[in-house]
Amino acid sequence: DVKVTQSSRYLVKRTGEKVFLECVQDMDHENMFWYRQDPGLGLRLIYFSYDVKMKEKGDIPEGYSVSREKKERFSLILESASTNQTSMYLCASSFPWRGYLNTEAFFGQGTRLTVV
Amino acid sequence: GQQLNQSPQSMFIQEGEDVSMNCTSSSIFNTWLWYKQDPGEGPVLLIALYKAGELTSNGRLTAQFGITRKDSFLNISASIPSDVGIYFCAGWPMNSGGSNYKLTFGKGTLLTVNP
């Protein structure tokens with residue numbers, strides 16, 4: 001069974017804190033993604049990584065950074081948490097598109113972050 | 001970036017009814033994926049489509065990859081209360097090679113089933 005695991009289901013942090021969200025996958029996927037999900041806005045891509053130490057900005061990278069030191073682990077970092085970063089955060093992983101099958105993305109269970 | 005237009009945004013149906021939702025794009029997609037998200041959980045893959053015209057079923061769910069490669073639909077037959085949730089379409093655009101691996105999502109269809 002494929003597995004993407006996020007380190008926390010629920011987090012409450014204070015404004016200005018540095019926050020780490022961790023994601024681990026066991027499928028040897030090259031791609032890993034971080035999304036945030038807000039009502040009415042769907043899934044918005046924050047950052048993605050296509051290999052160890054490689055990353056690209058998504059649609060809403062401001063206020064976030066990422067780290068991928070090992071293939072199985074992708075961390076999202078909120079440098080200085082703000083209340084507008086209160087949201088559901090979802091991690092996903094996949095193989096890259098190579099023109100054939102098995103490019104489905106698999107998601108973790110999500111982390112509900114509240115910044116107070 | 002790429003856009004996927006998913007409709008309807010929400011649906012309220014009675015148990016036993018059939019449901020249909022679709023996604024369209026102005027550009028060509030290589031792959032179409034359909035996910036379901038239960039409240040407070042991450043999305044779970046329902047169906048993956050890889051070829052234009054492909055029709056695939058998973059129990060009461062049926063999805064098709066449009067011939068033009070710019071659309072896909074998902075049908076749910078004989079809905080039950082546990083079908084409640086948000087359904088997302090997603091796809092890999094044709095320019096997914098190189099380092100541009102951005103999986104694109106629709107905004108979701110919220111399904112409510114009245115028992």
Side-chain angles (χ1 to χ4, degrees), chain A residues 1-6 8-10 21 23 25 27 29-51 53-61 88-112, chain B residues 1-10 21 23 28-52 54 56 58 63 65 69 72 85-110:
Chain A
D1 217 16
V2 297
K3 269 276 176 55
V4 179
T5 303
Q6 294 181 231
S8 304
R9 289 297 299 269
Y10 301 95
L21 303 183
C23 176
Q25 51 97 4
M27 294 164 282
H29 284 160
E30 286 88 342
N31 291 348
M32 295 189 76
F33 308 83
W34 275 107
Y35 294 89
R36 68 176 278 177
Q37 183 178 26
D38 301 288
L41 298 178
L43 294 166
R44 293 184 291 168
L45 181 64
I46 305 171
Y47 267 98
F48 72 102
S49 169
Y50 50 92
D51 204 348
K53 297 190 188 295
M54 307 304 287
K55 61 187 179 186
E56 284 199 23
K57 293 180 180 179
D59 300 315
I60 52 163
M88 174 74 140
Y89 289 87
L90 291 162
C91 173
S93 71
S94 79
F95 290 118
W97 174 257
R98 294 191 180 114
Y100 50 81
L101 305 183
N102 301 320
T103 56
E104 302 93 338
F106 295 91
F107 283 85
Q109 75 276 32
T111 297
R112 173 71 65 184
Chain B
Q2 304 279 358
Q3 295 282 333
L4 282 181
N5 301 308
Q6 185 171 352
S7 65
Q9 280 189 308
S10 61
M21 58 193 80
C23 266
I28 292 171
F29 277 70
N30 284 317
T31 302
W32 287 96
L33 307 171
W34 285 94
Y35 291 86
K36 183 196 177 197
Q37 185 180 27
D38 291 326
E41 302 290 331
V44 173
L45 182 69
L46 298 173
I47 292 178
L49 301 161
Y50 289 98
K51 290 170 56 175
E54 181 180 355
T56 297
N58 178 5
F65 193 143
R69 308 182 74 96
S72 177
I86 303 175
Y87 291 80
F88 290 99
C89 63
W92 292 99
M94 272 291 281
N95 61 343
S96 291
S99 65
N100 185 9
Y101 297 122
K102 293 186 185 178
L103 184 61
T104 304
F105 282 85
K107 291 199 170 162
T109 296
L110 175 61

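Below, chain A is the first sequence line, B the second, and so on; all start at residue 1. This one's a predicted model, so the numbers in the text were calculated from it and none came from an experiment. All heavy atoms count here, side chains included; hydrogens, waters and symmetry mates do not.
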Separation between CG of Leu43(A) and CD1 of Ile86(B), rounded to the nearest 0.5 Å: 8.5 Å
Testing the 3.5 Å rule here: is there a donor-acceptor pair between the side chains of Tyr50(B) and Glu104(A)? yes
Decide side-chain contact (heavy atoms from CB on, under 4.5 Å) for Glu41(B) and Arg9(A); before the verdict, give the C-alpha distance in whole Å, the side-chain angles of both, and the deciding distance to 0.1 Å. CA-CA 9 Å; Glu41(B) 302 290 331; Arg9(A) 289 297 299 269; 3.1 Å; yes
Is the shortest side-chain heavy-atom distance between Gln37(A) and Phe88(B) below 4.5 Å? yes
Please find the pair of heavy atoms, one from Tyr35(A) and one from Leu103(B), that lie closest to each other, and give the distance. OH-O, 3.5 Å
Looking at every heavy atom in both Tyr35(B) and Ala105(A), which two are closest together, and how far apart are they? OH-O, 2.5 Å
How far does OG of Ser94(A) sit from CG of Leu33(B), to the nearest 0.5 angstrom? 9.0 Å
Quick one: closest heavy-atom pair of Pro43(B) and Phe107(A), and the distance? O-CB, 3.4 Å
What do the steps show when you test Leu90(A) against Gln37(B) for side-chain contact (heavy atoms from CB on, under 4.5 Å), and what is the final call? CA-CA 11 Å; Leu90(A) 291 162; Gln37(B) 185 180 27; 4.0 Å; yes
Could you tell me which portion of Glu30(A) (side chain, backbone, both or neither) has an atom closer than 4.5 angstrom to a non-hydrogen atom of chain B? neither
